[in-house]
Amino acid sequence: MFQKYASTGCSLSLHHTEKPEHEDICEYRPYSCPCPGASCKWQGSLEAVMPHLTHAHKSITTLQGEDIVFLATDINLPGAVDWVMMQFCFSHHFMLVLEKQEKYEGHQQFFAIVLLIGTRKQAENFAYRLELNGNRRRLTWEATPRSIHDGVAAAIMNSDCLVFDTAIAHLFADNGNLGINVTISTCCP
């Protein structure tokens with residue numbers, strides 16, 4: 001029988017053939033640094049994620065409240081770029097991420113997502129709305145945040161985020177800066 005994360009709270013005893021599948025979804029496995037694009041190899045408990053972010057990634061700012069504006073500056077920077085910000089409300093921290101990727105030569109896409117610094121089960125208690133507004137236009141995405149256990153890459157791979165291209169970004173940008181209204185709300189699990 002197998003119990004890899006018994007020391008961190010997992011009580012399941014599994015046959016070795018069930019091990020890989022459970023390891024991928026076990027809530028007791030160590031959390032990796034959730035910062036996209038960073039080469040940070042940190043791992044630790046859920047309780048240690050926020051202290052890690054504030055100590056090792058000092059450039060990340062935190063705004064308080066359930067309705068904030070996430071300002072991504074210089075969206076015209078070349079290449080792949082990540083903008084990251086934290087939002088604190090309902091006694092939880094949420095990580096807001098805007099990622100720009102070059103999908104193929106000359107075609108860039110933006111991906112915006114909200115992650116909960118918490119478990120998948122905790123994430124089910126919340127909903128988020130991302131909204132771009134400007135020049136008599138509005139683009140809105142509403143979803144349940146993902147846990148940082150799932151990560152940004154999984155959301156992008158599954159298109160479970162707000163996706164838009166450079167042309168759309170320019171419709172809403174002001175002098176190369178893109179403001180995204182972010183609203184977090186509670187919902188019934």
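- Taking CZ from R137 and CD1 from I168, the interatomic distance works out to 8.5 Å, rounded to the nearest 0.5 Å.
- Contact annotation: the side chain of F126 never approaches that of S185 to less than 4.5 Å [non-hydrogen atoms, C-beta and beyond].
- Side-chain heavy atoms closer than 4.5 Å link hydrophobic residues (I, L, V, M, F, W, Y) into clusters, and following such links, possibly through other members, connects F110 to W141.
- When every heavy atom of A112 is checked against every heavy atom of C161, the shortest pair comes out as O-CB, 3.1 Å.
- Looking at K41 and S32, their side chains never come closer than 4.5 Å, going by heavy atoms from C-beta outward.
- Scanning all heavy atoms of the two residues, the minimum distance from L98 to F70 falls at N-CE2, 3.8 Å.
- There is a side-chain donor-acceptor pair under 3.5 Å between N76 and H170.
- Side-chain atoms of D174 never come within 3.5 Å of backbone atoms of N177 as a donor-acceptor pair (strictly under, hydrogens ignored).
- Looking only at side-chain heavy atoms (C-beta outward), E99 and I156 come within less than 4.5 Å of each other.
- The minimum heavy-atom distance linking I75 with A173 is given by the pair CD1-CB, 3.8 Å.
- Side-chain atoms of K100 never come within 3.5 Å of backbone atoms of D82 as a donor-acceptor pair (strictly under, hydrogens ignored).
- With ring centers used as reference points, F164 lies 6.0 Å or more from F111.
- With a 4.5 Å cut-off on side-chain heavy atoms, T54 and M86 do not count as touching.
- Residues V84 and S59 have side chains not in contact (no heavy-atom distance under 4.5 Å, counting atoms from C-beta outward).
- The neighbour count for N175 CG, taken as heavy atoms of other residues, nucleotides or ligands under 6.0 Å away, does not exceed 12.
- Within the 4.5 Å cutoff, the side chain of R129 has heavy atoms near those of the T140 side chain.
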Please evaluate residues I117 and H92 with respect to the criterion side-chain contact (heavy atoms from CB on, under 4.5 Å), reporting the C-alpha separation (whole Å), side-chain torsions for both, the decisive distance (0.1 Å), and the verdict. CA-CA 7 Å; I117 309 293; H92 284 83; over 6 Å; no

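- Both L96 and I60 are members of a single hydrophobic cluster when ILVMFWY side chains are connected at heavy-atom separations under 4.5 Å.
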Using the side-chain contact (heavy atoms from CB on, under 4.5 Å) rule, take Y31 and H149 through it: C-alpha gap first, then chi angles, then the decisive distance, then the call. CA-CA 6 Å; Y31 284 77; H149 245 170; 3.7 Å; yes

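- Considering all non-hydrogen atoms of both residues, V163 and Q109 come closest at CG1-NE2, 3.7 Å.
- The hydrophobic clustering, which links ILVMFWY residues whose side-chain heavy atoms are closer than 4.5 Å, places M50 and V114 together.
- Rounded to the nearest 0.5 Å, atoms CG (D74) and CH2 (W83) are 8.0 Å apart.
- Each of L116, V49, L53, V152 was scored for a side-chain contact (heavy atoms from CB on, under 4.5 Å) with M95, with one residue passing: L53.
- Residues C40 and H57 have side chains in contact (heavy-atom distance under 4.5 Å, counting atoms from C-beta outward).
- For the atom pair CD1 (I180) and CG (L139), the distance works out to 9.5 Å, reported to the nearest 0.5 Å.
- V81 is connected to L162 through a chain of hydrophobic side-chain contacts under 4.5 Å among Ile, Leu, Val, Met, Phe, Trp and Tyr, so both are in one cluster.
- Here the closest non-hydrogen pair linking A155 and I113 is CB-CD1, 2.9 Å.
- You'll find the side chain of N135 stays beyond 4.5 Å of the side chain of F172, heavy atoms only.
- Judged purely by distance below 3.5 Å, without hydrogens or angles, the side chains of T183 and D67 pair a donor atom with an acceptor atom.
- In this structure, H52 and W42 have parallel ring planes: the angle between them is below the 30° cut-off, well short of the 60° mark.
- Within the model, atoms CG of L130 and CG of N181 stand 9.5 Å from one another, a figure rounded to the nearest 0.5 Å.
- Summarising the geometry, atom CG belonging to L171 is positioned 10.0 Å from atom CG belonging to L132; distances are rounded to the nearest 0.5 Å.
- Heavy atoms from other residues, nucleotides or ligands lying under 6.0 Å from NE2 of H55 number 12 at most.
- Closest of all the heavy-atom pairs between M85 and V69 is CE-O, 4.0 Å.
- To the nearest 0.5 Å, atoms CD (Q87) and CD1 (I68) are separated by 4.0 Å.
- Between the side chain of N158 and the backbone N or O of A154 there is at least one donor-acceptor pair closer than 3.5 Å.
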